[in-house]
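Here is how names work: the chains are called A, B, and so on, in the same order as the sequence lines, proteins then strands, and each is numbered from 1. Please read these numbers as outputs of a predicted model, since none were measured by experiment.
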2 protein chains.
Amino acid sequence: MTVGTDRDSGTRRRDAAKTRQLLLEVARRRFARDGYAAATVRDIADEAGVNVALINRYFDSKEGLFEACLGYAVEELARAAGDVPRTDIPAAIAQQAAGTTPEGGPNQVLLLLLRSSGDERTEQMRLGVLRRFAERLAATAGWQPDRPDDGQLMLRAQLVLSAAIGVTLLRASGLQPLTYAGERDLVEPLRDLVNGVLRATRPE
Amino acid sequence: MTVGTDRDSGTRRRDAAKTRQLLLEVARRRFARDGYAAATVRDIADEAGVNVALINRYFDSKEGLFEACLGYAVEELARAAGDVPRTDIPAAIAQQAAGTTPEGGPNQVLLLLLRSSGDERTEQMRLGVLRRFAERLAATAGWQPDRPDDGQLMLRAQLVLSAAIGVTLLRASGLQPLTYAGERDLVEPLRDLVNGVLRATRPE
DNA sequence: CCGCTAAGTCAACAGTCGTTTACATCACAT
DNA sequence: ATGTGATGTAAACGACTGTTGACTTAGCGG
């Protein structure tokens, strides 16, 4: 083998890229679930099964680790938004929301977008993603970047975004039946919500 | 005067009830804005202009202070819900949301409902308020406690609650134009949202 | 005026936080 | 096989956390 000998085939006991990735996965879940301040680097390192010092080695600081998590969220959200055929927003929202469970399910991207570290630069990063996301939502209702907007469309788009984020949060809180509603249960009500907010004042 | 002499008329330099109240007000704002973990007892005490030890004297612990804040939120929310004529939910939501500003405005009750201390008992308290709030919302759409619900109505009511909480959160994040939208700007879009979600499948 | 209790302050405690430094160990090239 | 840089570990640092006990002082009754 080209990689070092080990009991497990094809894996190395020491792989910087792999442990870095592992730290990121754990940190994303912990930051999303507990928030920045409540999530400690020791907890993250322990759950990842590595030493605490590696966080500072690979990410400089706790803040750096959080920023890396946020960067991942940005990419993931851009990727998810890119797949949406621009007509079925509710389905996309339902999918995102459904991926968030109280146990810290597979997908907590939207939750991460709400956690704050207090750092100004990270905060701007966060706001930028939210703004772009809202613009994309507004575009589905006829909003255009150059054309002067009276603010109504963008405001309504941000209202939809609010709902998407609120659903994710309340699901994480364990509120029933919302928490244990499947993706399919969420699509229809969300469609009514989006239509109500965005199509209500649509000119044509 | 029956109260002790002081430069300010009618006020005492030492008043347990008053300082307790002052601590509560500051704590509510700090907990709502920064979350439980990030808000330190020293910061709260300093902003209130009193000594840190008084927090433990009056509220036993930081957890006790947080619980007291949550209790206030419960009362405040019940009071606000009591005034609503049960027909104009959107206006009430808009009012609550409008009271939340990024600088930590006059009203952060909904924000407080999302902050978690990790304590199990406090968590149940939090969930209880959310549940009751959702039930009240569902009732406006015809839901009744005894009648068996297929989950649709309650789910949709919780969706509205999600939107209300999401708006409050995003406003606190500083997202524009949502953040600087007045109460009057919010009412119409919120009405469309509530109608879209709750009236869409209404039988009659 | 004096004393006693309530109200508030002060300083320190033990624990935990993020971070750093010095050391050990593995993987690979030579 | 062996040295060497990359990878991971252990232990400690100072700062900060919530909390506590002893102390001081204001306010009221006598």
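Of the listed nucleotides (dT19(C), dG8(C), dG18(C)), dT19(C) has the atom at the smallest distance from the side chain of V52(A). Of the candidates dT9(D), dT19(D), dG18(C), dT9(D) carries the atom nearest the L54(A) side chain, counting heavy atoms from C-beta on. Considering only side-chain atoms of R14(A), the nucleotide from dG8(C), dA24(C), dT17(D) that sits closest is dA24(C). When each of dC17(C), dG8(D), dA7(C) is scored by its nearest atom to the side-chain atoms of T19(A), the top-ranked nucleotide is dG8(D). Of the listed nucleotides (dT20(C), dG18(C), dT17(D)), dT20(C) has the atom at the smallest distance from the side chain of N56(A). With dT7(D), dG18(C), dT9(C) as the choices, the nucleotide that has an atom nearest any side-chain atom of R42(A) turns out to be dG18(C). Ranking dG8(D), dG18(D), dC10(C) by closeness to the A53(B) side chain, first place goes to dC10(C).
Here the P atom of nucleotide dC16(D) and the NZ atom of K62(B) are 16 Å apart, to the nearest Å. For the pair D43(A) CG and dT16(C) C1', the interatomic distance rounds to 11 Å; values are reported in whole Å. For the pair N51(A) CG and dT25(C) C1', the computed distance is 13 Å after rounding to whole Å. Between the P atom of dT7(D) and the CG atom of L23(A) lies a distance of 14 Å, rounded to the nearest Å. For the pair D46(B) CG and dC10(C) C1', the interatomic distance rounds to 14 Å; values are reported in whole Å. Protein atom CG of D60(B) is 13 Å distant from nucleotide atom C1' of dG18(D), rounded to whole Å. Atom CG of D15(A) and atom P of dA27(C) are 11 Å apart (whole Å). We find that CZ of F66(A) is positioned 16 Å from C1' of dG18(C), with the value rounded to whole Å.
Looking at R30(B) and V26(B), their side chains come closer than 4.5 Å, going by heavy atoms from C-beta outward. Side-chain atoms of P145(B) and E135(B), non-hydrogen and from C-beta on, never get closer than 4.5 Å to each other.
The two residues K62(B) and A37(B) make their nearest non-hydrogen contact at NZ-O, 3.8 Å.
If you check every strand for non-hydrogen atoms under 4.0 Å, A39(B) touches sugar and phosphate atoms only. Within 4.0 Å (heavy atoms only), Y58(B) reaches sugar-phosphate atoms of the nucleic acid but no base atom.
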Go through the steps to decide whether Q96(A) and T168(A) satisfy the test side chain to side chain donor-acceptor pair (under 3.5 Å), and finish with yes or no.
-> CA-CA 8 Å; Q96(A) 281 293 322; T168(A) 313; over 6 Å; no
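Taking the nucleotide of DNA chain C with the nearest heavy atom to each of R57(A) and T40(A), the more 5' of the two is matched to T40(A).
With respect to E47(A), the salt bridge (Lys or Arg N to Asp or Glu O under 4.0 Å) criterion is satisfied by exactly one of R42(A), R33(A), R29(A): R29(A).
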